[in-house]
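Each remark here refers to the structure printed beneath this line.
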Amino acid sequence: MFDFLVVGAGFSGCVISERLAKNGKNVLLVEKRKHIGGNAYDFYNEDGILIHKYGPHIFHTKMKHVWDYLSQFTEWRFYQHRVYSYVDGRYIPFPISIETLKELYGYDFTPREFEEYLVNQREDISEPRNFEEVLLSTIGRDLYEKFYENYTKKQWDLSPSVLDPSVTKRIPIRYNRDTRYFSDPYQGVPKYGYTKLFESLLNNERIHVMLNTDYKDVVNEVRYKFMIYTGPIDYFFDYEIGKLPYRSLQFEFETLEIEEFQPVGTVNYPNDYDFTRITEFKHITGQISPKTTIAYEYPTSDGDPYYPVPTKPAHLLYERYKGKADSIKDIYFVGRLAEYRYYNMDQVVDRALKVAKEILDRDR
Ligand code: FAD
Ligand code: UDP
């Protein structure tokens, strides 16, 4: 008899399993893929390059308790992600900052001039209600069209006018010269890779891992008291009230016989090609090799569910599923897929720590 059946071995499932096992609970962790780590899984490919199978993952957080918690299981490589956007045939620093305009227009704005420039560019929209309106009222049409409009259409296959305004918060507009992609005080990647971090989280004899297994194939055979579910919430309910939309990506990996392909970890291609971005992993991992592996990301609607779609109708459908989930007492729904939220890794870890604490406190 297990105390907990945990479904999914991504950050949500692994952190909760670690916390529960550490506090004396027996856990069965069931994962449908052939590996642990969820979308943060990494491995050495046949050319010996450490790659992120499901796209570039950079850890960044403002939450010291999350950083400290994970630091028990890994050392970190100091890494601060930098991104260029390929616009008008040139690499331009992104997110938008004074350096972006310097590269784009050849003029070095003072912070004050930069602010005045943006104020003049802004469209007068008193209550911006969507992704497009927020940006038009912050940076104006010229920068919006160069950097955001087409990338967003490619990424979501939707008009930016139907996307939730919260998506814009993922990318800051910087009134300074900071060209880092993230400005959180804690940033990096696990020194020996994410998979090693997951192995370390699960290194407890009270945790039993079952790979290659959809939980529905075993749920009636296994005896357990509570379930933690981190898979897609609509799948849990057999799509009873309809399928939730998820956006997926197709990754195309290429190994080249050169030391470096591009100057930074990721280059975004808003206006050219069908892919959204190219990542070169060696920048992120710091690996030294005469070869390099890059990944192209092609957004698609088929394939593994990666992104909850941030639109009103999708959210409303999710709320109906959540209503059903809330009425089940002994099952906890946690994570990007189960809560249908565009969570980053740190937010998922924070959430998992909170749920584990709630469970353990209740048990006292
Ligand atoms: P997941 O990692 O999706 O894990 C869920 C697990 O459940 C999966 O392994 C799945 O196989 C398993 N599962 C599903 N259904 C079943 C079932 N029926 N039975 C058994 N197992 C099942 N975050 C950052 O902080 N920084 C980044 O740079 C970053 N980059 C990203 C880039 C891309 C391309 C993507 C898609 C995401 C990125 N993220 C990033 C977000 C990050 O991947 C997520 O926040 C994190 O992986 C969520 O963890 P999770 O455990 O909730 O979900
Ligand atoms: N985005 C954009 N241009 C870019 C990068 C991002 O328009 O060059 C928009 C796009 O809609 C994207 C969102 O901002 O989905 C969030 O970007 P982020 O880099 O956080 O995407 P993720 O890493 O989650 O795929």
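Order of listing sets the numbers, starting from 1, for every ligand and every atom in it. Note that this is a predicted model, so its numbers are computed, not measured.
Residue L337 approaches ligand 1 through these ligand atoms, each under 4.0 Å from one of its heavy atoms: 3 (O). Shown in contact with Q155 at under 4.0 Å from a heavy atom are these atoms of ligand 2, numbered in order with element: 15 (O). The ligand atoms of ligand 2 that sit less than 4.0 angstrom from a heavy atom of I171 are 1 (N), 5 (C), 6 (C), 14 (O), 17 (O). Taking every non-hydrogen atom of G38 and a distance limit under 4.0 Å, the qualifying atoms of ligand 1 come out as 2 (O), 4 (O), 9 (O). Near G231, the atoms of ligand 1 lying under 4.0 angstrom from a non-hydrogen atom of the residue are 14 (C), 15 (N).
In this structure, Y107 has its ring center under 6.0 Å from that of F109. Under the 6.0 Å cut-off for aromatic ring centres, F236 and F333 qualify, their centroids lying closer than that. Aromatic rings of F147 and Y86 (six-membered ring for Trp) have centroids beyond the 6.0 Å cut-off, not under it. Checked against a 6.0 Å centroid threshold, the rings of Y186 and W76 do not count as neighbours. Ring centers of H283 and F281: at least 6.0 Å apart, outside the cut-off.
Here L163 has no heavy atoms under 4.0 Å from ligand 2, in either its backbone or its side chain. Contacts with ligand 2 closer than 4.0 Å are made by heavy atoms of both the backbone and the side chain of Y148. The proximity of D214 to ligand 1, defined as any non-hydrogen pair under 4.0 Å, involves the side chain as well as the backbone. Contacts with ligand 2 closer than 4.0 Å are made by no heavy atom of E149, backbone or side chain. Residue-level proximity to ligand 2 for V167 is carried by the side chain, the only part with a heavy atom below 4.0 angstrom. In T213, the part holding a heavy atom less than 4.0 Å from any atom of ligand 1 is the backbone. Using a 4.0 Å cut-off between heavy atoms, N344 contacts ligand 1 through both its backbone and its side chain.
At least one heavy atom of P232 sits less than 4.0 Å from an atom of ligand 1. Using a 4.0 Å heavy-atom cutoff, E297 is absent from the residues neighbouring ligand 2. Ligand 1 has at least one atom lying under 4.0 Å from a heavy atom of Y307. Residue contact check for ligand 1: F59 places no non-hydrogen atom closer than 4.0 Å to it.
Around the CD atom of E260, the shell of radius 6.0 Å holds more than 12 heavy atoms that belong to other residues, nucleotides or ligands. Residue I258 places its CD1 atom among more than 12 non-hydrogen atoms of other residues, nucleotides or ligands, all under 6.0 Å distant. Within a 6.0 Å radius of CZ in R90, other residues, nucleotides and ligands contribute more than 12 heavy atoms. Within a 6.0 Å radius of CG in D274, other residues, nucleotides and ligands contribute 12 heavy atoms or fewer.
Polar contact with ligand 1: present for Y343 (N/O pair, distance under 3.5 Å). At least one N or O atom of W156 sits closer than 3.5 Å to an N or O atom of ligand 2.
Contact between A40 and Y194 at its shortest, heavy atoms only, is O-CB, 3.1 Å. For the pair G8 and T230, the tightest heavy-atom approach, listed with the atom from each and the gap, is CA-OG1, 3.5 Å. Considering every non-hydrogen atom in both S12 and A352, the closest pair reads O-CB, 3.8 Å. When all heavy atoms of F198 and I36 are compared, the pair lying nearest together is CB-CD1, 3.6 Å.
Classification of the Y318-H315 ring pair by plane angle, with boundaries at 30° and 60°, yields tilted. Note: Y273 and Y269 have perpendicular aromatic rings, judged against thresholds of 30 and 60 degrees for the angle between ring planes.
Among I92, N344, N268, the residue whose heavy atom sits closest to atom 4 (C) of ligand 2 is N268. Nearest-heavy-atom check against atom 53 (O) of ligand 1 across R336, H81, H52 picks out R336. Among Y86, F147, F131, Y181, the residue whose heavy atom sits closest to atom 18 (P) of ligand 2 is Y181. Distances from atom 42 (C) of ligand 1 to the heavy atoms of M210, H60, H57, R33 show the closest one on H57. The residue among S12, G335, C14 with a heavy atom at the shortest distance from atom 51 (O) of ligand 1 is S12. Remark: among candidates Y54, F236, F182, the nearest residue to atom 34 (C) of ligand 1 is Y54, based on non-hydrogen atoms.
Of the protein's non-hydrogen atoms, the one nearest atom 19 (N) of ligand 1 is Y215 N, 3.1 Å. Atom 32 (C) of ligand 1 has as its closest protein heavy atom P56 O, 3.5 Å. The protein heavy-atom contact nearest to atom 46 (C) of ligand 1 is M345 CG, 4.3 Å. Nearest protein heavy-atom neighbour of atom 21 (N) of ligand 1: K32 N, 3.1 Å. Scanning all protein heavy atoms for the shortest distance to atom 7 (O) of ligand 1 gives G8 CA, 3.2 Å. The nearest heavy-atom contact from the protein to atom 28 (O) of ligand 1 is I58 N, 2.8 Å. Shortest contact from atom 11 (O) of ligand 1 to any protein heavy atom: E31 OE2, 2.6 Å. Of the protein's non-hydrogen atoms, the one nearest atom 1 (P) of ligand 1 is N39 N, 4.1 Å.
Both the sub-6.0 Å distance and the 45° axial angle are satisfied by K243 relative to the ring of Y239.
Remark: side-chain polar atoms of K282 are not paired, donor with acceptor, to backbone N or O of F261 under 3.5 angstrom.
Salt bridge annotation for R141-E149: absent, with no cationic side-chain nitrogen under 4.0 angstrom from a carboxylate oxygen.
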